[in-house]
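What follows is a set of notes on a single structure, which appears directly below.
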Protein chains: 2
Amino acid sequence: MSSQAKHPTLLIPGPIEVTDEVSQSMATFAQSHVGQPFVNTFGEALSMLRQLFQTKNPNSQPFAIAGSGTLGWDLAAANLVEPGEEVLVLHTGYFADSFADCFTTYGAKPTQLKAKIGGRPQLPEIEEALKSKKYKAVTVTHVDTSTGVLSQIQPLSDLIQKVSPDTLLIVDGVCSVGGEELHFDDMRVDFALTATQKAIGCPPGLSISMASEKAMNVFKSRKSPPGSYYASFKNWTPIMQNYEAKKPSYFATPPTQLVHALHTALTQLLQKPIADRVAQHQKISKKVKSVVTDLGLKQLATSPDNAANTMTAIYLPEGMTPPEILPKLMDRGVVFAGGLHKEIATKYIRFGHMGVSAMDESRGEIDKAIEALKEGLAEVQKAKGQ
Amino acid sequence: MSSQAKHPTLLIPGPIEVTDEVSQSMATFAQSHVGQPFVNTFGEALSMLRQLFQTKNPNSQPFAIAGSGTLGWDLAAANLVEPGEEVLVLHTGYFADSFADCFTTYGAKPTQLKAKIGGRPQLPEIEEALKSKKYKAVTVTHVDTSTGVLSQIQPLSDLIQKVSPDTLLIVDGVCSVGGEELHFDDMRVDFALTATQKAIGCPPGLSISMASEKAMNVFKSRKSPPGSYYASFKNWTPIMQNYEAKKPSYFATPPTQLVHALHTALTQLLQKPIADRVAQHQKISKKVKSVVTDLGLKQLATSPDNAANTMTAIYLPEGMTPPEILPKLMDRGVVFAGGLHKEIATKYIRFGHMGVSAMDESRGEIDKAIEALKEGLAEVQKAKGQ
């Protein structure tokens, strides 16, 4: 019996369900991290990351490093910004606060531009901020996993090009890459970070990122050494370049089985154009959001334009809490997540609809979840006499 | 067919062969990182780490974090030492140089005490160093994976207690924990770090460490904040404590499948007393080293007292190189590693004999490797007309 056998369907905004092939890749036998078979697998996975991020510039630099998505913040903060430099952090939820903390740890000076919950900072205020002082970088959370708010990268990039073209554009793509529209080259992104367990469709354990040629040049011209050892571009860049050239190299032992799973996930993902994948995520998201609206529920995202396609953050009916509804969903074989934004954590739930659950409708997982949500809400309301 | 099916036997000093049960745990279905089933698994794994490290002090603090073994250095350097403080790094190979680099990254001042290749710094010179200035910490590589040199922890600890009792004892146990004798409490170790892919017998991808009550107090009394975000005790300690108390908690998404594999590996490992496991590693090591001697080959370790029980670093016959012998071993289904110590990398090979390959003699892997080594050497020598 496969380990993938009957289990509750995981529809939180990451980790997500994975295909049987990805799951089996996790059980790959032990291999030397510097033996040619593994070197080839890792090298191919790194090359496929270029396709995933849609970058054709050979001087873009992919990284795949053992760690959580959080490690991507350290990569950005310890390599692309120097102590004392200013960073503008666009806030659309929990994750901007943490990213700002990370910058502070490495001596940078983050300024947060916050929106009300469910909204996002607007272009005129961002423009004003960018004109007020010299920012080394602007960070944006493409999809904030705590709120399901989507940020638009292209207009932000255009604004940076117009107002402060030296400023680096750093995209936290943890809940977006593989599900939302992100053209690394065309959108002039300088650093995008993600993790394997979201829309890429792989188990957690690898920090994935892409640095632009400009970002790598900014790194090379640092006056101070990188602020981290484990998250140092200096230590990892030659390793990634060697693996991609199919040459063994050593700084720290890569998680060989996870790299196999990433290779399998990317191979499956790239069988279709990325644009088709994004369109399918948009289609599923529209379906989910339409049901939510029909149920009389509101989303955290204040407008359709603000709403992620990889997940939906849903306000519960007045007086209902996540500990009431989540077990009813679990009874129906579906796992959703509770709230994460601390100010309103007890008032909403999160439904992740990305990766194979969104791409392969024949699995019926999204429909099952929608039914579970309808029935679960009704059951709780009935029990409460509403 | 299992993914564990026929493959070359991996006998490098990590990653190592894993049991079928550990391998299958890697293919565990997707689970929420904050759902009770996974929380229980992670919590139990953390508690089992206490047994592995042989600590009974409830204020010892285990950490299991997505990352390579290298991340353990950042944990030590960014949390236990403050900028400007002195660290004495005992050098027995490649890994001390890197650990020293890591300390420098976080502003500490490492002083290396080096021995000749195959040797280790001696107690009188360590005593002299400890008396010469105030060291915040002493680091020792229990087994240096590049040289196979074993350091003795107990006499070092006794010396520190005698000469400089405030100094923290930090043990790099990457190639030792689970195979060599390490009593965390009895040996008064303050921080020990390892990785899953060595003698613990799990795939790579988790940094494992244990901090003593004293180390945690030193951390709590820091004047400056930790130098890393991802490797911050401040961020991780409450998470580890919550998981161990079977309560969900979030800082960064743990690698759920790897945690399952760790749980399985530790469950299997702890079925026997640790002392028996260490004794079995010693027995297998003695067997390997006896064959090496019979073949007229020298080890890097200058004396039996210096030699690891988890691996053997073997000088090749004069004029023979790793690229000549390693393919002959591979022809016989055995993977050894080349040299890693840069001054002599072309002159030696490394044979890892730890974990299930050492513990379960019925697998016949060590005997197969010994035969392969004998035959492979003879084949190369014959081809060279020697």
Side-chain angles (χ1 to χ4, degrees), chain A residues 2-5 7-8 10 12 14-18 23-35 65-71 73-74 77-78 101-102 104-106 195 197 203-207 225-232 250-258 335 337-338 340, chain B residues 2-5 7-8 10 12 14-18 23-35 65-71 73-74 77-78 101-102 104-106 195 197 203-207 225-232 250-258 335 337-338 340:
Chain A
S2 156
S3 299
Q4 281 278 86
H7 66 270
L10 190 61
I12 66 175
I16 66 167
E17 289 292 322
V18 301
S23 187
Q24 273 311 112
S25 296
M26 289 293 285
T28 302
F29 54 78
Q31 282 185 308
S32 169
H33 52 302
V34 290
I65 303 174
S68 303
T70 299
L71 181 63
W73 294 340
D74 290 67
D101 280 351
C102 181
T104 304
T105 300
Y106 293 105
Q197 78 277 11
L206 275 169
S207 154
S228 167
Y229 184 75
Y230 186 66
S232 159
Y250 178 72
F251 164 62
T253 306
T256 48
Q257 282 81 356
L258 271 166
V335 185
L340 185 57
Chain B
S2 154
S3 300
Q4 281 277 86
H7 66 271
L10 191 60
I12 66 175
I16 66 167
E17 289 292 321
V18 302
S23 187
Q24 273 311 113
S25 295
M26 289 292 286
T28 302
F29 55 76
Q31 281 185 309
S32 169
H33 52 301
V34 291
I65 304 175
S68 302
T70 299
L71 181 63
W73 293 341
D74 290 68
D101 280 352
C102 182
T104 303
T105 300
Y106 293 105
Q197 78 276 12
L206 275 168
S207 154
S228 167
Y229 184 76
Y230 187 66
S232 160
Y250 178 73
F251 164 62
T253 307
T256 49
Q257 283 80 358
L258 272 166
V335 184
L340 185 57

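Below, chain A is the first sequence line, B the second, and so on; all start at residue 1.
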Hey, could you give me the [atom1]/[atom2] distance between [X] and [Y], rounded to the nearest 0.5 Å?
| X | Y | atom1 | atom2 | answer |
| --- | --- | --- | --- | --- |
| Thr70(B) | Ile65(A) | OG1 | CD1 | 11.0 Å |
| Leu10(B) | Thr256(A) | CG | OG1 | 8.5 Å |
| Gln31(A) | Glu17(B) | CD | CD | 10.5 Å |

Original post:
Residues two or more places apart in sequence or in another chain: which of them pass side chain to side chain donor-acceptor pair (under 3.5 Å) with Ser228(A)?
Top reply: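 Ser228(A): side chain to side chain donor-acceptor pair (under 3.5 Å) contacts with Tyr106(B).
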**OP:** Under the side chain to side chain donor-acceptor pair (under 3.5 Å) rule, collect the residues that match up with Tyr229(A), sequence neighbours excluded.
**Re:**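 With sequence neighbours excluded, Tyr229(A) shows a side chain to side chain donor-acceptor pair (under 3.5 Å) to no residue whatsoever.
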Subject >> Interface moiety of Pro225(B) toward chain A, non-hydrogen atoms closer than 4.5 Å >> reply: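 Neither part, no heavy atoms under 4.5 Å.
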Subject >> Atom group of Leu206(B) that falls short of 4.5 Å from chain A, counting heavy atoms >> reply: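 Interface part for Leu206(B): neither.
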Original post:
Okay, side chain of Tyr230(B), backbone of Ser68(A): is any donor-acceptor separation there less than 3.5 Å?
Top reply: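 Present.
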Minimum heavy-atom separation for [X] to [Y], with atom names?
| X | Y | answer |
| --- | --- | --- |
| Ala30(B) | His7(A) | O-CD2, 4.2 Å |
| Ala27(A) | Ala27(B) | CB-CB, 4.2 Å |
| Thr105(B) | Pro226(A) | CG2-O, 3.7 Å |

Subject >> chain B contact via Leu71(A) - which portion, at a heavy-atom distance below 4.5 Å >> reply: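 Backbone plus side chain of Leu71(A), per the 4.5 Å heavy-atom cut-off to chain B.
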**OP:** Check the pair Leu258(B) / Gln257(A) against side chain to side chain contact (heavy atoms under 4.5 Å, CB included), numbers first and verdict last.
**Re:** CA-CA 9 Å; Leu258(B) 272 166; Gln257(A) 282 81 356; over 6 Å; no
Original post:
Most heavy-atom pairs under 4.5 angstrom with chain A, which of Gly14(B), Pro15(B), Gly69(B), Gly205(B)?
Top reply: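 Ranked by heavy-atom pairs under 4.5 Å with chain A, first place is Pro15(B).
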